[in-house]
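Basis for what follows: all heavy atoms, side chains included, without hydrogens, waters or symmetry-related copies. Order of listing sets the numbers, starting from 1, for every ligand and every atom in it.
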Amino acid sequence: MTPLERALRERIAAEGPISVETFMHACNEYYYATRDPLGVGGDFTTAPEISQMFGEMVGAAVADAWKRAGSPASAAYVELGPGRGTLAADALRVLRAAGFAGGVDFVETSPMLRDAQKRAVPNATWHDRIEGLPQRPMLLVANEFLDALPIQQHVGGIERRVTVAAGGLAFDRDGEIVETSPIRDEVAATIARRLLADGGAALFIDYGHSKSAPGDTLQAVREHRFAPVLADPGEQDLTSHVDFESIGIAARNAGAGVTPVAVQGDWLIRLGIESRAQSLSRANPDRAGDVEAALRRLTSPDQMGQLFKVIAIHSPDWPAPAGLA
Ligand code: SAH
């Protein structure tokens with residue numbers, strides 16, 4: 001039994017069943033604090049770890065918004081849950097080439113990942129919470145951040161909980177599941193209020209759906225495979241699909257501009273990833289096969305191209321980043 005499972009069982013014995021939201025929060029807090037989960041040797045691989053092209057396209061998109069907003073010198077590059085810092089390093093190369101000289105702020109709770117981020121982007125400033133970010137225009141990026149934030153599940157209007165039954169962790173009810181995530185909506189609203197007050201634009205990229213719909217999307221991943229969600233708490237990555245409609249509504253209600261949701265493949269192609277792949281292949285002919293494989297993985301509908309979605313939230317005074325209608 002994992003140390004966290006023992007603690008959760010004791011808590012359930014003392015206080016009764018815990019919500020899926022509490023369970024997910026406890027699991028991910030432990031999980032991210034105790035390892036670097038990314039890459040072939042870890043549990044999962046994200047888009048920026050597949051190819052530099054991903055971060056470069058993100059950099060091009062935010063550089064475009066920054067330039068069209070008049071290139072404000074006070075703007076900062078901000079990332080939520082920057083992982084190993086790979087996306088930031090690739091995006092910042094493009095932003096710096098476009099003349100951006102602003103600072104870098106990271107919101108990250110894991111000490112281990114902060115160390116990795118420091119190696120990739122030595123001059124960043126770290127924050128525990130979004131509320132701690134400095135009040136200045138932001139070019140904000142969050143890739144696979146929202147999926148790790150806790151969700152609630154409801155069955156027939158009753159919140160689903162985790163209990164102990166037949167000697168193991170179990171859900172207290174089954175049936176048609178409706179998921180909500182007040183925490184994700186609050187992140188979107190908080191960012192929207194910041195953009196409204198100080199200017200800027202934010203890109204959220206994640207797996208999920210453009211329209212709210214019922215369904216159980218809670219999933220656990222370990223060593224690049226799906227696993228039962230209640231198994232080995234704290235030792236596997238627990239996420240769910242992001243409801244982009246809900247994120248958009250939360251940001252719009254807070255007064256920010258919100259773009260339509262795009263699928264990742266279309267978005268990257270509109271930003272020019274295919275010509276970037278061609279020039280990388282020409283410069284390194286012996287790596288052309290790898291570049292082509294990465295391009296397919298990021299853009300093909302049967303890989304990450306369709307399941308992954310993108311939405312931008314922006315100050316009403318700022319343009320939406322390129323690639324989103
Ligand atoms: N964006 C990176 C990493 C994605 S993994 C990439 O694309 O590779 C999720 C990231 O979010 C990790 O850096 C993790 O430590 C961070 N994270 C998870 N929950 C968080 C929270 N509540 N507050 C801040 N960071 C969090």
Rounded to the nearest 0.5 angstrom, the OG-NE2 distance for S246 and H209 is 8.5 Å

Separation between CG (L140) and CG (L80), nearest 0.5 Å, reads 4.5 Å

Counting from 1 in the order shown, the ligand 1 atoms closer than 4.0 Å to a non-hydrogen atom of G83 are 2 (C), 3 (C), 13 (O)

In ligand 1, the atoms that come under 4.0 Å of a heavy atom of P48 are 6 (C), 7 (O), 8 (O)

Salt-bridge present (R222, D43; N to O < 4.0 Å): no

Item checked: K118 with D115: basic N within carboxylate O range, under 4.0 Å -> no

Quick one: look up the protein heavy atom nearest [atom] and list residue, atom name and how far away it is.
atom	value
atom 7 (O) of ligand 1	N143 ND2, 2.8 Å
atom 8 (O) of ligand 1	T46 OG1, 2.6 Å
atom 24 (C) of ligand 1	T109 OG1, 3.5 Å
atom 11 (O) of ligand 1	G81 CA, 3.3 Å
atom 4 (C) of ligand 1	E144 O, 3.5 Å
atom 22 (N) of ligand 1	L149 CD2, 3.8 Å

Where is the tightest heavy-atom contact between [X] and [Y], given as atom of each residue plus distance?
X	Y	result
E21	P182	OE2-CD, 4.1 Å
A251	I313	CB-CD1, 3.6 Å
E159	R173	O-NE, 3.9 Å

**Asked** Do K309's NZ or CZ and the ring of W267 fall within the cation-pi criteria of under 6.0 Å and 45°?
**Response** no

Ligand 1 contact by N28, heavy-atom criterion under 4.0 angstrom: no

Nearest heavy atom to atom 5 (S) of ligand 1, choosing from F145, F106, Y32, F54, belongs to Y32

Checking heavy-atom distances from atom 15 (O) of ligand 1 to each of E108, Q117, M112, the winner is E108

